[in-house]
Amino acid sequence: INAEYMGGGEEREFSEKKVKYFEQANALFDENTKALVMLVDNVQSKQIQNIRIALRGKATVLMGKNTMIKKILLDRGGGEDASPQNRVLYQKLSPLLTGNVGLILTNADLKSVKDLVDQNKVQAPARQGAISPVDVIVPAGNTGLEPTKTSFFQALNIATKITKGTVEILKNEQVLSVGDKVGSSEATLLQMLKINPFFYGMQCQAVYDDGDVYSPQLLDITAEDMLKKMQPAASNITALSLALGYTTKASFPHVMMNSFKNMMALTLGIDYAFAKYSGEEIKEAILTGKSLGGGGGGGGGAAAVEEAPAAAAPPPEEEEDDEEMGFGLFD
């Protein structure tokens, strides 16, 4: 199959398989506006197939050489007659195609697609030469290994003792940290203990969303997280608007409430009450100290105030009785 080679106007012969791949990839870029750039280190072909099945109907996995995908993007957005959408796609997505990566193209919700991919992880042993993605800790307890195996523990400075003819680890020991290269001793020991510490799967490196590129961590932000971030800003805008006397949507409810309070305060000094909004009841409650709706809370307080002078009245009456009978304080 002949096709024009962009390098110098020459004609180059491409295999039918490659031409078909270019056609399918272009169709995917035409149909979808979102993409997840996925790192596929230590991911097996069977695992990728399971991910394809899980994403069926929602997204499509596009694997291939980075140079081939970059060539497709260049053909779409590198020319002068390229559409603005294809030009942005080429400029933003092409630099992200580095390393052992693939693309997941979709129009669906990116978070739901990422969650489906994250669910397809496979547990694997620690192989020599691999980079540890997590901290690996060997738990304390009886290992069931023979005393002849103590040399492996000594090589990693793990404290052990012999209990009933088997090796026992005295305390939890960390043998690998994130980013450490797995050595032969660590790999052999973890294999003997039947510990498979690693979980491998596609890892999202970047998100392309209709011309915007951002970190995949933003997909984990929920509506509640956004609300918590926006509440302090809304409070600051409200306070600033009230201080400047400039009404905004945020300060409008407070402006209306303050205006109602001022009008209500004005009615207390004149013979007027609002016909609406229970004006008479509110005015009477403010003047008498009673609660709204005839509740007992405010009324009980007023009754207690009225009873206090009556309780204090008897002492003067007793003094008057003493003076009338002719008795003094020291008689």
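The figures here come from the full heavy-atom set of this structure, side chains too, leaving out hydrogens, waters and symmetry mates.
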Where do [X] and [Y] come nearest, in terms of heavy atoms and distance?
X    : Y    : answer
N172 : A140 : OD1-N, 2.7 Å
A108 : K58  : CB-O, 3.9 Å
G165 : P147 : O-CD, 3.2 Å
V134 : P197 : CG2-O, 3.8 Å
A54  : L116 : O-CD1, 3.9 Å
A59  : I104 : CB-CG2, 3.7 Å

Would you say [X] and [Y] make side-chain contact, with heavy atoms under 4.5 Å?
X    : Y    : result
F198 : I131 : no
R52  : M63  : yes
I158 : L189 : yes
K114 : D220 : yes
L242 : V255 : yes
P253 : T238 : no
F29  : L73  : yes
L145 : L193 : yes

Just how far is it from atom [atom1] of [X] to atom [atom2] of [Y], taken to the nearest 0.5 Å?
X    : Y    : atom1 : atom2 : answer
M202 : I48  : CE    : CD1   : 4.5 Å
K261 : H254 : NZ    : NE2   : 10.0 Å
L103 : T106 : CG    : OG1   : 12.5 Å
K46  : Q49  : NZ    : CD    : 7.0 Å
I137 : D135 : CD1   : CG    : 6.5 Å
T166 : K161 : OG1   : NZ    : 10.5 Å

Mind checking whether [X] and [Y] sit in one hydrophobic cluster, side chains of I, L, V, M, F, W, Y counted as touching below 4.5 Å?
X    : Y    : result
I51  : V113 : yes
V43  : V117 : yes
L105 : M38  : no
V213 : L62  : yes
I221 : L36  : yes

Practice item. Verify side chain to side chain contact (heavy atoms under 4.5 Å, CB included) between V207 and L218, making sure each step is shown before the conclusion. Key: CA-CA 9 Å; V207 178; L218 295 179; over 6 Å; no

Would you find more than 12 non-hydrogen atoms of other residues, nucleotides or ligands less than 6.0 Å from [X] atom [atom1]?
X    : atom1 : value
Q191 : CD    : no
M256 : CE    : no
Y214 : OH    : yes
Q174 : CD    : yes
E173 : CD    : yes
K149 : NZ    : no

Point to revise | Derivation of the side chain to side chain contact (heavy atoms under 4.5 Å, CB included) call for Y208 and V88 | key: CA-CA 11 Å; Y208 176 86; V88 172; 4.1 Å; yes

Review point. Does a donor on one side chain sit under 3.5 Å from an acceptor on the other, for S132 and D180?
Key: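 S132 vs D180: no donor-acceptor pair found between side chains.
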
Do any N or O atoms from the side chain of [X] and from the backbone of [Y] form a donor-acceptor pair under 3.5 angstrom?
X    : Y    : answer
N107 : E31  : yes
Q128 : A187 : no
T160 : V167 : no
D209 : K34  : no
Q47  : Y200 : yes
Y90  : L93  : no
N142 : E168 : no
S94  : K70  : no

Can I get a per-line list of side-chain donor-acceptor pairs under 3.5 Å for residues 223-235, giving both atom names and the distance, sequence neighbours left out?
| from | atom 1 | to | atom 2 | distance (Å) |
| --- | --- | --- | --- | --- |
| D225 | OD2 | T222 | N | 3.3 |
| D225 | OD2 | T222 | OG1 | 3.1 |
| S235 | OG | Q231 | O | 3.0 |

Practice item. Go through the structure and list residues passing salt bridge (charged side-chain N to carboxylate O under 4.0 Å, His left out) with D109, not counting sequence neighbours. Key: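 Per chain and number, D109 pairs via salt bridge (charged side-chain N to carboxylate O under 4.0 Å, His left out) with no residue.
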
Exercise for review: State which residues pass side chain to side chain donor-acceptor pair (under 3.5 Å) with N26; sequence neighbours excluded, sorted by chain then number.
Suggested key: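 Side chain to side chain donor-acceptor pair (under 3.5 Å) list for N26, sorted by chain: R76.
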
Practice item. Go through L89 and Q85 one step at a time and tell me if the side chain to side chain contact (heavy atoms under 4.5 Å, CB included) criterion holds. Key: CA-CA 6 Å; L89 179 67; Q85 182 179 359; 5.7 Å; no

Exercise for review: Any chance you could lay out the side chain to side chain contact (heavy atoms under 4.5 Å, CB included) test for T150 and I162, step after step, and finish with the verdict?
Suggested key: CA-CA 9 Å; T150 54; I162 306 301; 4.0 Å; yes

